[in-house]
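See below for the structure under consideration.
Throughout, protein chains are lettered first and strands after them, A, B, ... in sequence-line order, and every chain is numbered starting at 1. All values below come from the heavy atoms of this structure, side chains included, with hydrogens, waters and symmetry mates left out.
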Amino acid sequence: MRTLKLGIRRGLGISVGGSSIVMIFVVLTLTVFATLSVVTASADLRFAKRSGRATTDYYSADSRAERILMQIDDELLAAKDIASRADKDSWDGNRQKTYFNQVTARLIEFEGIELDANFEEMTIRAGYDVPINDEKKLEVSLIVNDYNDDIRYILEYWRVVLMTDISSDEEHELWQPNK
Amino acid sequence: MARTGSFKTSAFFVEMLVVILFFAFSSAIISKIFITAHKQSEISVNHSRATDIATQVAESIKATSNVEDGLSLIFQSIQKEGGANGGNVYIVKFDSDWNESDNESKFTANISDLTDGNLIIARIEIKDDSGGEVFAVTTSKYIAR
């Protein structure tokens, strides 16, 4: 009976320092979780803002590319108008040839437009780049149709390309299939 | 013996008092950190959703070559108002979960039609209920004559 009483006293005795240890452990754990959640949330926010900026940059470049396309089409329309009057006063009366010469002469004046004109086959390919940011650019290429075609141009491509070189000089061992 | 016991008891209560005070102080700081994390997370979620919606709107306008047709492809309830310079402003309201809503509007998408001749220009602005801009983008589409 005596032993039991002592045992209870020892087990339930008020000890100093235990609650401090538990509290320090709880506070440390909460601090770690709080710090982790702030770090994760900041990373998410940075990513969301970067993604938003990339979207804004893309549509800004896309709008500039659309405007350049409009200016090119204006020149094609003007060239077509001149070619339509070529029957009477042109040196050879050939509308297609006049149209081709007019388009070449007009587009060559444009800054930033790369022109690929084949004088034998009378085909014109015009291309231009619009930078999106330091790493990417929007590449546009169009093929100018013949004078008689109702559709003045066909978009060959309208694509985003990387400006930085991602190729590596290092040689990697590649898996070879068993033949 | 009795004196030692009362000393131990008072030491325990002093320790408890210190522990409670320290815990209260540190939990206030930790709560603030959690609240900051929650707010940042909320901002990033709203920013991402606003970016998604603006991209959807821009792509559907480019696909249909018309602001109104593009919007009616993705939204059910669109309000149309007259904007500056004779252009139209289309308004779509969203609740706090980014679902389209007629009544509650936590977020609003204002799409201004700024078409200039054959160049369709649309300014897409997404704002929260305090009028703060969450995301904005301008898109264009040339319609060949």
Hey, could you give me the [atom1]/[atom2] distance between [X] and [Y], rounded to the nearest 0.5 Å?
X: Arg67(A); Y: Leu119(B); atom1: CZ; atom2: CG; answer: 5.0 Å
X: Phe12(B); Y: Ser19(A); atom1: CZ; atom2: OG; answer: 5.5 Å
X: Thr55(A); Y: Asp52(B); atom1: OG1; atom2: CG; answer: 8.5 Å
X: Met23(A); Y: Ser27(B); atom1: CE; atom2: OG; answer: 10.5 Å
X: Thr31(A); Y: Ile29(B); atom1: OG1; atom2: CD1; answer: 8.5 Å
X: Glu42(B); Y: Leu45(A); atom1: CD; atom2: CG; answer: 12.0 Å

Is there a side-chain contact between [X] and [Y] (heavy atoms, below 4.5 Å)?
X: Val38(A); Y: His38(B); value: no
X: Gln71(A); Y: Tyr142(B); value: no
X: Asp44(A); Y: Gln40(B); value: no

Side chain, backbone, both or neither: which part of [X] has a heavy atom under 4.5 Å from chain A?
X: Ser26(B); result: side chain
X: Ala50(B); result: neither
X: Lys62(B); result: side chain
X: Ile143(B); result: neither

Q: Run the salt-bridge test on Asp62(A) and Lys141(B) with the 4.0 Å N-O cut-off and return the result as yes or no.
A: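 A salt bridge is absent here (no side-chain N lies under 4.0 Å from a carboxylate O).
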
[X] atom [atom1]: more than 12 heavy-atom contacts under 6.0 Å:
X: Asp149(A); atom1: CG; result: yes
X: Lys80(A); atom1: NZ; result: yes
X: Ile151(A); atom1: CD1; result: no
X: Phe25(A); atom1: CZ; result: no

Going hydrophobic residue to hydrophobic residue with side-chain gaps under 4.5 angstrom, can you get from [X] over to [Y]?
X: Phe47(A); Y: Val39(A); result: no
X: Leu73(B); Y: Ile120(B); result: no
X: Leu30(A); Y: Ile33(B); result: no
X: Phe94(B); Y: Ile43(B); result: no
X: Ile108(A); Y: Tyr128(A); result: yes

Residue [X] versus chain B: region with a heavy atom under 4.5 Å:
X: Val26(A); result: side chain
X: Phe33(A); result: both
X: Arg152(A); result: side chain
X: Leu77(A); result: side chain

(Q) Determine whether Ser37(A) and Phe34(B) satisfy the following criterion, side chain to side chain contact (heavy atoms under 4.5 Å, CB included), listing intermediate values before the conclusion. (A) CA-CA 7 Å; Ser37(A) 62; Phe34(B) 273 120; 3.7 Å; yes

Q.
Taking every non-hydrogen pair under 4.5 Å, which of Gly17(A), Ser60(A), Ala65(A) racks up the most with chain B?
A.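 Ranked by contacts with chain B, first place is Gly17(A).
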
Q. Top residue by heavy-atom pair count (under 4.5 Å) with chain A, among Ile30(B), Thr51(B), Val14(B), Val137(B)?
A.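 Ranked by heavy-atom pairs under 4.5 Å with chain A, first place is Ile30(B).
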
**Q.** Full working for side chain to side chain contact (heavy atoms under 4.5 Å, CB included) between Thr56(A) and Phe135(B)
**A.** CA-CA 9 Å; Thr56(A) 317; Phe135(B) 186 73; 3.6 Å; yes

(Q) Please give me the minimum heavy-atom distance between Glu66(A) and Ser140(B), naming the atom from each residue. (A)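 Minimum heavy-atom separation between Glu66(A) and Ser140(B): CG-O, 3.4 Å.
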
